[in-house]
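Heads up, the thing below is written out as structure tokens.
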Amino acid sequence: MENNRPGLIPCPKYAVYREETLAIMPIMEICDPAFVRPAKAFAGYAQRLVGVRFTEGRGASVVLRADPDMQSGEYSLRVQVARVVLCAADEQGMQYALATLGQLISVQDGRVTLPVCEIRDLPDSQHRCVMIDLARNWHPFDYLLSYVDLCWFYKISRLHLHFTDDQSYTLQSAIYPKLATENRSYSPEDIAYLNKYAEERGISLIPEIDVPGHCTQFCLAYPEIFGTDHIIPQTGEAMDAMQALFSELCDMFPNSEYVHVGGDEAAIEKWTTNQACRSYAESCGIDFDCADKRYLAERMLANFVQKMADAVMAKGKKVMAWEGFAPCVNEFVSKDIVLHSWENYYQTTPQLLAGGFKIINSSWRPMYVVTPAAYWSQKEVFDWSVYRWRPVHPDSPYLGVTVEIDPDERVLGGQLLAWGDTIPTNFPSVAEGIAEERRLVAERMAALSENTWNREKLRSYAEFEQAYQSLCRAASILID
């Protein structure tokens, strides 16, 4: 890093600024067809942010070029005396280059201006993600689009959407149509538009159906299949139904690299006393008469997670799940499943790594936002790193203790998570609650971007805060 002036989030690894500014015509030259979509997305954002529409044409001031020698996601941006040149090896890198341009541009005296500078950058973490709980409180569709916009602006690579929980099932299923909660589900047209909107901006969506717990809507809609015990039963009919639902989810999100299968906070002991589960368990090679009933429950949970993962993998997609099963059954779960280490309770971060899993840092503190009951300051999010956890679960062996591991490539990155448990009882209306939630998330996702793009700090919090203050008005435009 050289002569790096605050003003961009995340902080570039290399940036040199000069005192001069350059006034440009809002015209782009696209030298590679792979960059057409990023250019179109940028043109829309520039219109919203500074009121200027960039077009493609001759005499361009902004040139988009391919550089095959760069890594995937890497980019360079050079604001020279007469023009701006952006280079990247692929579409994702150009999205990042143009997001940087979007943070730099301003309009002065009716002219689009940029600081004369040279920037080269690439992310350290592939997983830079925000999760929004859409099931506990209804979020109008435009909220989903605004979260995609914020991800683009701050170079967050993924948006995790928690579509189902006890309160509602917010997707519409063709195979089990009664699952969709009335007036609280997104139409197929909504989902198709969301897929297109995110893909055009380089944001990968991670859809989630959270089972075997969190399944009240399943039990209400189809008790003859899913029972009434508030846990998906391990019977042939229920497991076939769940695998079919995950296959359908994969089809709903054709562009998604990952699908999330849930896997935590379930009353799994109920399986061990449900004789209807016996035949299916035994068909999977599980000893239903095992004397250690806790182990039996864990073994069945591992089986459930794996069966759901099998359905997703059969569709050519990758799988994520929550830290939710015990270390004693790690051998029964594919190491291709990426696990969120969030509580350090079901098993600890060192246990997950020792078990051979790749993980994501989703530490409760400071990465959870439970509006308005629990969240941490932007500074605490900034001070966090992808190698640090601060458990809050009362039964975690690390309660009150910071867990920090050595740098490890099996930690794929970090995630900010917004949960809506307490919104209905703390705001005059849900609309006010989810608006406050989005404000809190937007403030913290800037710090998330800083700490996942750069695993080592490149500036102080004071410098970061100065950059945030210079950009937060632009970010707020994207959500107003």
Side-chain angles (χ1 to χ4, degrees), residues 166 209-216 218-219 222-243 245-246 260-313 319-359 391-399 403:
D166 287 329
I209 295 175
D210 192 5
V211 282
H214 304 274
C215 64
T216 296
F218 293 82
C219 299
Y222 294 96
E224 70 278 13
I225 299 174
F226 301 113
T228 57
D229 279 346
H230 299 282
I231 184 170
I232 302 295
Q234 291 207 43
T235 63
E237 185 178 20
M239 295 295 278
D240 287 348
M242 286 309 313
Q243 287 190 314
L245 282 165
F246 275 109
H260 204 294
V261 300
D264 70 330
E265 295 183 328
I268 59 176
E269 67 280 355
K270 291 182 178 180
W271 283 328
T272 69
T273 58
N274 185 346
Q275 288 301 311
C277 297
R278 175 183 289 274
S279 295
Y280 188 81
E282 291 177 346
S283 74
C284 297
I286 298 172
D287 178 9
F288 199 78
D289 295 318
C290 171
D292 185 343
K293 297 304 180 186
R294 187 63 206 178
Y295 175 80
L296 173 60
E298 294 287 352
R299 176 70 181 86
M300 293 182 74
L301 177 57
N303 181 70
F304 185 95
V305 170
Q306 187 60 54
K307 292 297 183 183
M308 298 308 106
D310 289 343
V312 172
M313 292 177 183
V319 183
M320 288 183 181
W322 302 112
E323 161 215 329
F325 50 85
C328 60
V329 295
N330 281 351
E331 64 181 294
F332 300 106
V333 181
S334 170
K335 302 309 174 287
D336 290 329
I337 300 174
V338 176
L339 297 176
H340 291 256
S341 181
W342 63 290
E343 282 279 47
N344 271 264
Y345 160 59
Y346 297 98
Q347 58 180 305
T348 66
T349 298
Q351 287 172 326
L352 288 170
L353 292 173
F357 294 103
K358 293 178 181 177
I359 65 172
V392 300
H393 194 287
D395 294 320
S396 170
Y398 297 124
L399 179 65
V403 181

Q: Just do the side-chain contact (heavy atoms from CB on, under 4.5 Å) check on Ile337 and Val305 with the steps written out, would you?
A: CA-CA 9 Å; Ile337 300 174; Val305 170; 4.2 Å; yes
Q: Report the C-alpha separation of Val333 and Phe357 in whole Å, then their side-chain angles, then the decisive distance to 0.1 Å, and conclude whether the side-chain contact (heavy atoms from CB on, under 4.5 Å) test is met.
A: CA-CA 9 Å; Val333 181; Phe357 294 103; 3.9 Å; yes
Q: Start with the C-alpha distance between His230 and His214, add both sets of side-chain angles, then the distance that settles ring pair (Phe, Tyr, Trp, His ring centres under 6.0 Å), and finish with yes or no.
A: CA-CA 7 Å; His230 299 282; His214 304 274; over 10 Å; no
Q.
Please determine whether side-chain contact (heavy atoms from CB on, under 4.5 Å) holds for the pair Met313 and Ser334, giving the CA-CA distance in whole Å, both sets of side-chain angles, and the decisive distance to 0.1 Å.
A. CA-CA 11 Å; Met313 292 177 183; Ser334 170; 4.0 Å; yes
(Q) Please determine whether side-chain contact (heavy atoms from CB on, under 4.5 Å) holds for the pair Gln306 and Phe332, giving the CA-CA distance in whole Å, both sets of side-chain angles, and the decisive distance to 0.1 Å. (A) CA-CA 8 Å; Gln306 187 60 54; Phe332 300 106; over 6 Å; no
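For the residue pair Asp166 and Thr216, the shortest heavy atom distance occurs at OD1-OG1, 2.9 Å. Nearest heavy-atom pair across Leu399 and Pro391 is CD1-O, 4.0 Å. What you find for Cys219 and Gly227 is that their closest heavy atoms are CB-O, 3.2 Å. Among all heavy-atom pairs drawn from Leu339 and Trp322, the shortest one is CD2-O, 4.0 Å. Listed here is the closest heavy atom pair of Gly324 and Leu301: O-CD2, 3.4 Å. The nearest pair of heavy atoms linking Glu298 to Cys328 is CB-SG, 4.4 Å.
Counting heavy atoms from C-beta outward, Met242 and Val211 have side chains that approach closer than 4.5 Å. No side-chain heavy atom of Ile268 sits under 4.5 Å from any side-chain heavy atom of Met300. For the pair Tyr280 and Ile286, the minimum side-chain heavy-atom distance is 4.5 Å or more. Here the side chains of Phe226 and Pro212 are not in contact, with every heavy-atom distance at 4.5 Å or above. Two residues are said to be in side-chain contact when any heavy atoms from C-beta on lie closer than 4.5 Å; Met239 and Gln243 fail this criterion. Two residues are said to be in side-chain contact when any heavy atoms from C-beta on lie closer than 4.5 Å; Phe288 and Gln275 meet this criterion. Looking only at side-chain heavy atoms (C-beta outward), Lys270 and Asn274 stay at 4.5 Å or farther from each other. A 4.5 Å side-chain heavy-atom check between Glu265 and Tyr346 finds at least one atom pair inside the cut-off.
The OH atom of Tyr345 sits 15.5 Å away from the OH atom of Tyr398 when rounded to the nearest 0.5 Å. Interatomic distance, Trp271 CH2 to Arg299 CZ, rounded to the nearest 0.5 Å: 11.5 Å. With values rounded to the nearest 0.5 angstrom, Ile232 atom CD1 is found 9.0 Å from Met308 atom CE. In this structure, the separation between CG on Leu296 and CG on Asp287 is 7.5 Å, given to the nearest 0.5 Å. How far CG of Asp336 is from NZ of Lys358: 8.0 Å, rounded to the nearest 0.5 Å.
Donor-acceptor pairing under 3.5 Å is recorded for the side chains of Thr349 and Asn344. One side chain, Gln234 or Asn303, offers a donor N or O that lies under 3.5 Å from an acceptor on the other. With 3.5 Å as the limit, one finds no donor-acceptor pair spanning the side chains of Gln351 and Asn330.
When the salt bridge (Lys or Arg N to Asp or Glu O under 4.0 Å) test is applied to Glu237, no partner is found at least two apart in sequence or on another chain.
Checked by atom type and distance alone, the side chain of Glu323 pairs as donor or acceptor with a backbone atom of Trp342 at under 3.5 Å. Ser396 places no side-chain N or O within donor-acceptor distance of the main-chain N or O of His393, the cut-off being under 3.5 Å.
The existence of a salt bridge linking Arg278 and Asp289 is confirmed by a sub-4.0 Å separation between a basic side-chain nitrogen and an acidic carboxylate oxygen.
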